[in-house]
2 protein chains.
Amino acid sequence: MTDRKMIKPTESELEILQLLWAHGPSTVRFVNDQLNEYREVGYTTTLKLMQIMADKGLARRNTESRTHVYSAGVSESDTQEHLLKKFLDATFRGSAMKLVMQTLGNHETSPEELDEIKALIEKMEKDNH
Amino acid sequence: MTDRKMIKPTESELEILQLLWAHGPSTVRFVNDQLNEYREVGYTTTLKLMQIMADKGLARRNTESRTHVYSAGVSESDTQEHLLKKFLDATFRGSAMKLVMQTLGNHETSPEELDEIKALIEKMEKDNH
DNA sequence: AAGTATATACGAAACCTTTCGTAAAGTCAA
DNA sequence: TTGACTTTACGAAAGGTTTCGTATATACTT
């Protein structure tokens, strides 16, 4: 998170970023097909969004071939961290604890995952002490 | 969370809800003053927002006296749960675990809180086993 | 070469959220 | 009762996001 002026992606932009993060550099056609797996969106709509994202720096595009190839312009973890901070303030008034408790309480988490979290906590307590 | 069609509050609406949750039934004047503690907003702007919230069911209002009194129309925990679900999907592709790890890693949490979380995890593991 | 298909560019409509000006009505004090 | 003040109501402007129609260019097929 070196970038000082972080841009907050809109909902649609985030949806597209998720695809770029998950699949790597992609064409508009591919992204649009993916989106249409679970909701209807016109091709030019997706195109426009991705062009806007390129303008904003949220995506990069390679225009060497006629069919442009887009890739994410911001890192997944930086973006998650940034959005998490905002969400935490807006929804939980900054209480990280409450958010974690809600999350653990409401979404099933596998025993392995729980163990992993416990390990992380223990590591933090050791480092901290 | 009995309500089946949950409304997603906008950012401004959530800001106002936080105040209603924290302080209980309040007048527009009070809410507006609170908002102005950390950013400038016109009185009629706040009034309009609260009227809209009443329309949507996000707030209730008592119009007995000339000065209307508004209270939250949705519960804090239901709303948090609902927003958390959406945020989790949109930002962490549904991985509760990743969200928790990010949160614990990035925001300082006191030793007491960490213990509390550990206790919760252990309780879950016992219940689950 | 002509016709079909697929790509980008552009602009504007549609929609939502936020902001505020103005009007109308109620309250209060001198 | 008049004037200053506060409140709600209303509507529309301003700003941002999403959607898509249309134009233009390029490639592919027969």
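Note that this is a predicted model, so its numbers are computed, not measured. Below, chains carry the letters A, B, ... as their sequence lines are ordered, and counting in each starts from 1.
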Exercise. Hey, does B:Ile117 have a side-chain heavy atom less than 4.5 Å from the side chain of B:Leu104?
Worked result: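 Touching, per the 4.5 Å side-chain cut-off.
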Those residues that, when tested against [X], pass side-chain contact (heavy atoms from CB on, under 4.5 Å) (two or more places apart):
| X | result |
| --- | --- |
| A:Ser95 | A:Met97, A:Lys98 |
| B:Ser26 | B:Leu20, B:His23, B:Phe30, B:Val31 |
| A:Lys56 | A:Ile7, A:Thr10, A:Glu13, A:Ile52, A:Leu58 |

With sequence neighbours excluded, residues passing side-chain hydrogen bond (donor to acceptor under 3.5 Å, both in side chains) with [X]:
| X | result |
| --- | --- |
| A:Gln51 | none |
| A:Lys118 | B:Glu125 |
| A:Asn36 | A:Asn32 |

Let me know the distance between [atom1] of [X] and [atom2] of [N], rounded to the nearest Å.
| X | N | atom1 | atom2 | answer |
| --- | --- | --- | --- | --- |
| A:Asn32 | D:dC20 | CG | P | 10 Å |
| B:Lys8 | C:dT17 | NZ | P | 10 Å |
| B:Glu11 | D:dT17 | CD | C1' | 14 Å |
| A:His68 | D:dA25 | NE2 | P | 15 Å |

Exercise. Hey, can you pull the residues of residues 42-65 of chain A with a non-hydrogen atom under 4.0 angstrom from DNA chain C?
Worked result: A:Tyr43, A:Thr44, A:Leu47, A:Lys48, A:Gln51, A:Arg61
For this session: Under 4.0 Å from any atom of DNA chain C, heavy atoms only: list the residues of residues 13-24 of chain A that qualify, in numerical order.
Result: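 Heavy-atom cutoff 4.0 Å gives no residues at all.
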Exercise. Which residues pass the salt bridge (charged side-chain N to carboxylate O under 4.0 Å, His left out) test with B:Glu37, sequence neighbours left out?
Worked result: none
Exercise. Listed by chain and number, what are the salt bridge (charged side-chain N to carboxylate O under 4.0 Å, His left out) partners of B:Arg93, not counting sequence neighbours?
Worked result: A:Glu76
Exercise. Should the pair B:Lys85-B:Glu81 be classified as a salt bridge under the 4.0 Å nitrogen-to-oxygen rule?
Worked result: yes
For this session: Look at the side chain of A:Arg66 and the base of C:dT6, then say whether one donor and one acceptor between them are separated by less than 3.5 Å.
Result: yes
Contacts under 3.5 angstrom, residues 59-66 of chain A side chains, donor-acceptor by atom type, not counting sequence neighbours:
residue : atom : partner : partner atom : Å
A:Arg61 : NH1  : A:Tyr70 : OH           : 3.1
A:Asn62 : OD1  : A:Glu64 : N            : 2.8
A:Ser65 : OG   : A:Thr67 : O            : 2.9

Detail all sub-3.5 Å separations between protein N/O atoms and N/O atoms belonging to nucleotides 13-16 of chain D.
none

